[in-house]
J.: 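If you scroll down you'll find the structure; I have some questions about it.
We number each residue from 1, following the sequence as shown.
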Amino acid sequence: MSSAPVELPLFPLSQVVLFPRVRAPLHIFEPRYRQLMQAALAGARTIGMATVLPEQQEQMAGDPPLYEVGCAGFIEAWERLADGRYNLVLHGTQRFRVLREPPRPGERLYRVAEVELLADEPARAQDDGEIAAGRERVLALLRQLLERSASPGDTSRLAALDHESFANTLCQILGLPAEEKQGLLEAPGARARLDALEGLLHFHLVKQRMPAGSGSEVLH
């Protein structure tokens, strides 16, 4: 289901994909995004994170084309530095689809879009067993990747998360290419996101086993 259109200020990035229910630290330094922060803090404290199309990243200084689906984020904490830059923590709230970008008045430096908010498909009780099994397969693949990594990590804290938080947290923290993360964000719910993540981790595990120089960057 989708909701009535709402307006969101846009913060386009080339390598960051925000997921619902996950926090992301950000540093704001460009004048247009300092202005965006001032407006957001004076209002609903919500901004729309959207990812730039990979082939358009050289246009970052302008208004590059974006993927249609992004994620709204609530400014949970922030610090304004003496020179006007900001450090903030953004808490992902809900996915959205960009409908249109209205003309920009001259005094506004940042982009604003009319968007429809997208609700993730809720996990059904009868699917709990399949989702739990999918989580275990994903964790098993992740452990195999970590065993082959130069910087092994601890996956124990992930096991305590609910299905949606587990899927979304993994999707955000893994060093997958932005276009792969975008595909995960566009999945309609936790179950579909886990299925897609399982396929990606299997691919990167196979790739990691290939000769030196062709390995995966999923854990970097």
Side-chain angles (χ1 to χ4, degrees), residues 1-52 60 63-64 66-81 84-102 104 108-123 157-158 160-174 176 178 181-190 192-194 197:
M1 290 181 62
S2 62
S3 63
V6 298
E7 275 199 350
L8 275 181
L10 293 180
F11 186 18
L13 289 174
S14 60
Q15 299 298 324
V16 176
V17 180
L18 181 68
F19 286 82
R21 301 179 65 179
V22 184
R23 292 171 175 83
L26 295 172
H27 178 67
I28 305 294
F29 59 91
E30 289 188 55
R32 54 182 167 172
Y33 299 127
R34 296 185 197 186
Q35 187 189 68
L36 181 153
M37 278 292 294
Q38 292 169 2
L41 291 174
R45 288 168 52 186
T46 299
I47 62 178
M49 299 295 295
T51 305
V52 176
M60 286 298 293
D63 291 341
L66 309 171
Y67 285 106
E68 288 186 357
V69 175
C71 182
F74 178 73
I75 302 170
E76 193 170 77
W78 72 94
E79 173 192 21
R80 188 178 188 275
L81 305 179
R85 293 175 296 136
Y86 288 88
N87 292 320
L88 67 139
V89 177
L90 201 62
H91 189 181
T93 55
Q94 191 169 356
R95 297 181 307 131
F96 63 82
R97 177 176 287 107
V98 174
L99 300 176
R100 63 182 290 267
E101 289 190 44
R104 178 161 51 202
R108 175 161 53 80
L109 303 177
Y110 57 90
R111 300 164 72 173
V112 168
E114 290 181 3
V115 308
E116 60 173 346
L117 298 176
L118 304 174
D120 275 10
E121 293 177 352
R157 286 183 293 180
L158 292 168
L161 299 175
D162 62 76
H163 293 329
E164 184 179 356
S165 296
F166 174 87
N168 292 354
T169 298
L170 264 184
C171 288
Q172 184 155 314
I173 66 174
L174 291 177
L176 296 166
K181 288 193 175 189
Q182 180 67 31
L184 294 168
L185 179 66
E186 294 180 11
R193 208 160 284 142
L194 278 174
L197 183 58

J.: Please name the pair of heavy atoms, one in Pro64 and one in Arg111, separated by the smallest distance, quoted to 0.1 Å.
T.: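 In this case the closest contact between Pro64 and Arg111 is O-NH1, 2.9 Å.
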J.: Under the 3.5 angstrom rule, does the side chain of Gln35 hit a backbone N or O of Leu109 as a donor-acceptor pair?
T.: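 Checked: pair present.
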J.: Rounded at 0.5 Å granularity, tell me how far CG in Leu8 sits from OG1 in Thr46.
T.: 7.0 Å
J.: Atom CG of Leu88 and atom CG of Leu41: how far apart are they, to the nearest 0.5 Å?
T.: 8.5 Å
J.: State, to 0.1 Å, how close Glu186 and Arg95 come at their nearest heavy-atom pair, and which atoms those are.
T.: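 Scanning both residues, the minimum pair turns out to be O-NH1, 3.6 Å.
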J.: May I ask you to test the Tyr86-Gln38 pair for a side-chain heavy-atom distance under 4.5 Å?
T.: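 Yes. Closest side-chain heavy atoms under 4.5 Å.
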J.: Let me see the working for Arg104 and Val112 under side-chain contact (heavy atoms from CB on, under 4.5 Å), right down to the final yes or no.
T.: CA-CA 8 Å; Arg104 178 161 51 202; Val112 168; over 6 Å; no
J.: Pick out which of Val22, Val69, Thr51 makes a side chain to side chain contact (heavy atoms under 4.5 Å, CB included) with Val17.
T.: Thr51
J.: Within 45 degrees of the axis of the six-membered ring of Phe19 and under 6.0 Å from its centre: does Arg21 put its NZ or CZ there?
T.: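 Pair Arg21/Phe19 does not count as cation-pi.
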J.: Does Gln94 form a side-chain contact (heavy atoms from CB on, under 4.5 Å) with Leu118? I'd like the steps, not just the answer.
T.: CA-CA 7 Å; Gln94 191 169 356; Leu118 304 174; 5.7 Å; no
J.: Mind listing the closest non-hydrogen atom pair of Ala190 and Ala167 along with its distance?
T.: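 That closest heavy-atom pairing would be O-CB, 4.2 Å.
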J.: Does any N or O in the side chain of Arg45 come within less than 3.5 Å of the main-chain N or O of Phe74, such that one atom is a donor and the other an acceptor?
T.: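 A pair under 3.5 Å: no.
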J.: Hey, does the side chain of Glu121 reach the backbone of Pro188 with a donor-acceptor pair shorter than 3.5 angstrom?
T.: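 No; zero donor-acceptor contacts below 3.5 Å.
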J.: Taking all non-hydrogen atoms of both residues into account, name the closest pair between Ala113 and Pro102 and its distance.
T.: CA-CD, 4.2 Å
J.: Checking the side chain of Arg193 only, and the main-chain atoms of Asn168 only, is there a donor and an acceptor separated by less than 3.5 Å?
T.: no
J.: What is the distance from atom CD of Glu68 to atom CG of Leu99, rounded to the nearest 0.5 Å?
T.: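 The CD atom of Glu68 sits 8.5 Å away from the CG atom of Leu99.
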J.: What's the spacing between Leu170 CG and Ser165 OG if we round to 0.5 Å?
T.: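 Rounded to the nearest 0.5 Å, the CG-OG separation comes out at 11.0 Å.
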J.: Can you tell me if Arg100 uses its side chain to pair, donor with acceptor, with the backbone of Glu114 under 3.5 Å?
T.: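 No: the side chain of Arg100 does not pair with the backbone of Glu114.
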J.: Please give me the minimum heavy-atom distance between Arg23 and Val89, naming the atom from each residue.
T.: CB-CG1, 4.1 Å
J.: Check whether any side-chain heavy atom of Leu81 sits under 4.5 Å from a side-chain heavy atom of His27, and report yes or no.
T.: yes
J.: Do Leu26 and Leu13 have side-chain heavy atoms sitting under 4.5 Å apart?
T.: yes
J.: Are the side chain of Arg34 and the backbone of Phe29 linked by a donor-acceptor contact shorter than 3.5 Å?
T.: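 Pair found, side chain donor or acceptor close to backbone of Phe29.
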J.: Test side-chain contact (heavy atoms from CB on, under 4.5 Å) on Phe11 and Leu90; report intermediate values, then the result.
T.: CA-CA 12 Å; Phe11 186 18; Leu90 201 62; 5.8 Å; no
J.: So how far is it from Phe96 CZ to Leu10 CG, rounded to the nearest 0.5 Å?
T.: 6.0 Å
J.: Just do the side-chain contact (heavy atoms from CB on, under 4.5 Å) check on Glu101 and Asp63 with the steps written out, would you?
T.: CA-CA 11 Å; Glu101 289 190 44; Asp63 291 341; 5.7 Å; no
J.: Judged by atom type as modelled, is there a donor-acceptor pair below 3.5 Å linking the side chain of Ser14 to the main-chain atoms of Val52?
T.: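 No: the side chain of Ser14 does not pair with the backbone of Val52.
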J.: Report yes if some heavy atom in the side chain of Leu66 is under 4.5 Å from a heavy atom in the side chain of Val98; otherwise report no.
T.: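 Result no, sub-4.5 Å side-chain heavy-atom pair not found.
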J.: Under 3.5 Å, side chain of Lys181 to main-chain N/O of Leu174, donor-acceptor pair present?
T.: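 Confirmed, Lys181 side chain pairs with Leu174 backbone.
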J.: How long is the straight-line distance from CG of Leu194 back to SG of Cys171, given to the nearest 0.5 Å?
T.: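 Here the rounded value is 7.5 Å.
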J.: Considering only heavy atoms from C-beta outward, does the side chain of Leu176 approach that of Leu197 to under 4.5 Å?
T.: yes
